[in-house]
Amino acid sequence: MVVIGTVPTTEHDVVVVGAGIAGLAAALEAAEAGAQVLVLEKAPAAERGGNTRFSDAQIRYPHAADEYSPVSTTPAEFRADFLRVTQHRADPVLVDTLVAHAAEAVDWLTAHGVRWSAGFPHTATYRRRPEGGGRGLVETLFAALERRPNVAIRYETAARSLLQAANGAVVGVRALGPAGFLDAHARGGVVLACGSYAANPELRVRYLGPWAEQLIVRGTRYNTGEGLLMALAAGAQATGQWGDYHSAVLDAHSPRVECGVTAIYIYQLGIIVNRRGERFLDEGEDFRDNTYVKFSKAIVQQPGGIAYCVFDQQARRDPGWDRAVRTITPPLEADTHEALAERMGVPIATYVETVRRYNAAVDRARPFDPDRLDGKAARGIEPPKSNWALPLEEPPYLAFAVTGGITFAFGGLKTDAAGRVLDTRGRVIPGLYAAGETQGDFYYDNYPGATSVLRGCVFGRLAGRDAAQRARARR
């Protein structure tokens with residue numbers, strides 16, 4: 001990039017790129033440590049908040065059962081579950097850091113005005129939800145930032161490249177705003193908290209494959225990968241699973257971009273069939289927390305990228321139904337399976353036989369318990385259903401058309417436990433930090449639910465704190 005003419009400069013202690021949970025946590029933590037902070041937000045003020053704005057922002061962390069969650073989770077259980085779900089490929093140092101700081105992060109959010117409510121039902125681990133979801137969370141933190149005189153926020157301002165000193169240290173960022181280019185210098189460093197490449201179809205095709213061009217984008221349209229690319233150009237080390245991504249079992253009629261939370265989070269109480277009228281996965285393999293990303297990606301690979309979540313009235317009566325069904329489209333309904341198949345547009349004979357074989361395989365003697373792995377299975381069929389196998393026999397029957405979409409990519413930048421970015425030699429790049437979705441080495445193949453917003457908060461705070469300390473030392 002060549003810029004003709006003089007570029008104005010500004011001086012700061014810490015520059016934060018991005019204003020989702022990771023960027024907000026970094027900026028607020030640095031400001032509270034006394035740093036002069038500049039936040040660069042690519043979106044207009046009315047669309048601020050990154051992917052967090054479009055999320056439900058639920059957080060799992062070690063805690064005893066209380067009014068928010070009927071489940072208790074110890075630090076050891078949290079760690080073991082995270083590593084199990086990610087095939088033990090997640091960086092154990094980063095996971096240990098996440099677990100160690102998780103409860104403190106939630107207390108910090110509470111101290112800054114975040115109020116809490118109950119999360120989705122039937123989960124494997126303790127969790128809670130900020131009131132107002134992700135939008136409520138980011139607006140609360142923006143209010144806290146805006147009260148601080150040592151914080152400036154520039155909207156509609158996109159980081160374009162990192163500024164480096166002769167020794168390779170990052171000393172600022174060149175950005176493009178409404179008035180043109182700006183060089184924002186940072187004594188302590190630059191925190192990249194600007195998401196992944198989820199909203200960039202060119203990068204989706206490059207790293208995921210041609211089929212990914214049509215993926216629904218669940219989060220912000222502004223997460224287009226420039227932060228990753230500018231860091232790689234500065235010598236940062238790529239890490240994690242760049243060819244995989246976070247998703248959810250979405251309403252197939254969701255908007256193509258910024259669809260937010262339009263998901264079915266109780267599919268484990270029914271069955272999922274493809275356009276051929278056939279089941280293709282074990283809906284009761286594990287708690288929904290630990291399967292919704294995996295299953296959504298399996299759905300995208302089915303014919304037409306579409307499937308149907310099918311329930312009867314037993315599931316509909318579940319007290320958590322209204323919290324867990326978050327669609328913009330009402331379900332298809334019918335009093336018979338033949339009529340439901342016709343409404344779905346799947347082969348009637350095949351679908352009716354699928355349901356018949358499933359119902360016949362259900363263990364009717366074993367009690368149903370949606371809050372544990374109850375072993376109430378449908379066996380002797382392929383695929384089996386390992387838990388929560390309710391026979392579909394109480395009409396009217398319901399079907400939701402579902403698909404998958406991308407929230408963020410699993411690949412990112414290699415960091416240490418303080419969020420400092422490492423170069424391709426494994427050495428710290430002085431003055432460069434990454435937090436949240438811009439980090440890699442957390443998620444592989446699958447995703448332990450309700451950990452991404454927590455990751456952003458924990459590592460945003462750690463990065464902001466370290467950058468503020470570095471600025472203080474350099475002053």
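Both backbone and side-chain heavy atoms feed into the values below; hydrogens, waters and symmetry mates do not.
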Taking G49's backbone N and O only, do any of them form a donor-acceptor pair with E41's side chain (distance below 3.5 Å, no angle check)? yes
Is there a donor-acceptor pair closer than 3.5 Å between any side-chain N or O of K385 and the backbone N or O of G270?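 The answer is yes, because a donor-acceptor pair under 3.5 Å joins these two groups.
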Assess, by modelled atom type and distance only, whether the side chains of [X] and [Y] contain a donor and an acceptor separated by less than 3.5 Å.
{"X": "K42", "Y": "T224", "answer": "yes"}
{"X": "E285", "Y": "T291", "answer": "no"}
{"X": "R129", "Y": "Q58", "answer": "no"}
{"X": "D289", "Y": "H122", "answer": "no"}
{"X": "R288", "Y": "Y267", "answer": "no"}

Y447 six-ring centre to R60 NZ/CZ under 6.0 Å and within 45° of normal: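 R60 over Y447 ring: no.
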Could you tell me whether R455 sits above the aromatic face of F442, with NZ or CZ closer than 6.0 angstrom to the six-membered ring centre and within 45 degrees of the axis?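 Here R455 passes the 6.0 Å and 45° test against F442.
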Kindly indicate, with the supporting measurements, whether the criterion side chain to side chain donor-acceptor pair (under 3.5 Å) is fulfilled by S69 and R127. CA-CA 6 Å; S69 176; R127 65 169 59 202; over 6 Å; no
Verify whether the ring centers belonging to [X] and [Y] lie closer than 6.0 Å.
{"X": "Y61", "Y": "Y126", "answer": "yes"}
{"X": "Y265", "Y": "Y292", "answer": "yes"}
{"X": "H337", "Y": "Y397", "answer": "yes"}
{"X": "Y207", "Y": "W242", "answer": "yes"}
{"X": "H253", "Y": "F400", "answer": "no"}
{"X": "Y197", "Y": "Y245", "answer": "no"}

D81 vs N290, test: side-chain contact (heavy atoms from CB on, under 4.5 Å). Steps then yes/no. CA-CA 9 Å; D81 200 50; N290 299 331; 3.6 Å; yes
Taking all non-hydrogen atoms of both residues, which atom of C194 and which atom of T438 are closest, and how far apart?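 Looking at all heavy atoms of both residues, the shortest contact is N-OG1, 3.2 Å.
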